[in-house]
Q: 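This is the structure, below, for whatever I ask next.
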Amino acid sequence: MSPLTPFTEIALLLVMAAGYRGRVAVTSHGAKETTDLLASGADLVLEPFQDAAHRAVELLCGGEAVARTEIPEIETEGRHLA
């Protein structure tokens with residue numbers, strides 16, 4: 001097994017073993033994990049903590065604040081389905 005968490009590696013292997021041929025996007029906590037995920041078969045690795053840090057620096061240094069994308073509320077969000 002690679003240095004990835006067992007869950008992440010198993011999830012990637014299951015997706016591939018199931019015959020899924022589409023692109024796979026996952027998230028990472030850092031550069032090393034990103035490298036490992038790409039080596040394990042992920043097509044795209046998002047680094048939300050790194051992206052948020054870069055954006056915070058941009059804003060603190062006078063970068064333009066852009067409008068946020070509105071995400072509609074999901075009717076069942078936060079409720080248990082019967």
Side-chain angles (χ1 to χ4, degrees):
M1 282 205 149
S2 74
L4 295 174
T5 62
F7 174 81
T8 304
E9 186 168 23
I10 290 169
L12 281 170
L13 290 172
L14 286 173
V15 164
M16 291 179 221
Y20 179 73
R21 298 291 178 244
R23 297 188 68 192
V24 176
V26 294
T27 60
S28 166
H29 288 92
K32 173 70 171 113
E33 186 179 21
T34 295
T35 300
D36 293 341
L37 286 163
L38 291 168
S40 293
D43 296 295
L44 173 66
V45 181
L46 304 171
E47 294 183 6
F49 295 108
Q50 187 67 36
D51 294 341
H54 282 151
R55 184 65 180 132
V57 169
E58 285 178 5
L59 291 171
L60 289 170
C61 292
E64 182 181 347
V66 295
R68 295 181 65 128
T69 302
E70 289 295 320
I71 300 174
E73 184 176 331
I74 298 172
E75 186 176 321
T76 58
E77 192 172 274
R79 294 187 234 152
H80 296 288
L81 299 176

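None of these values were measured; they are calculated from a predicted model.
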Q: Please table the atom pairs, donor to acceptor, closer than 3.5 Å between any side-chain atom in residues 54-62 and protein atoms at least two apart or in another chain.
A:
{"from": "H54", "atom 1": "NE2", "to": "Q50", "atom 2": "NE2", "distance (Å)": "3.1"}
{"from": "R55", "atom 1": "NH1", "to": "E58", "atom 2": "OE1", "distance (Å)": "2.9"}
{"from": "R55", "atom 1": "NH2", "to": "E64", "atom 2": "O", "distance (Å)": "2.8"}

Q: When clusters are formed by joining ILVMFWY residues with side-chain heavy atoms under 4.5 Å apart, either directly or through shared neighbours, do L46 and F49 land in the same one?
A: no

Q: What heavy-atom pair brings V26 and L37 nearest, and what distance separates the two atoms?
A: CG2-CD1, 3.8 Å

Q: Assess whether side-chain contact (heavy atoms from CB on, under 4.5 Å) is satisfied between T27 and E47, documenting all intermediate values.
A: CA-CA 6 Å; T27 60; E47 294 183 6; over 6 Å; no

Q: I need the S40 OG to M16 CE distance, nearest 0.5 Å.
A: 7.0 Å

Q: Without swapping roles, check the side chain of D43 against the backbone of A25 for a donor-acceptor pair under 3.5 Å.
A: no

Q: Determine the minimum heavy-atom distance between H29 and E33, stating which atoms define it.
A: N-OE1, 2.7 Å

Q: Any chance you could measure L44, atom CG, to S28, atom OG, to the nearest 0.5 Å?
A: 11.0 Å

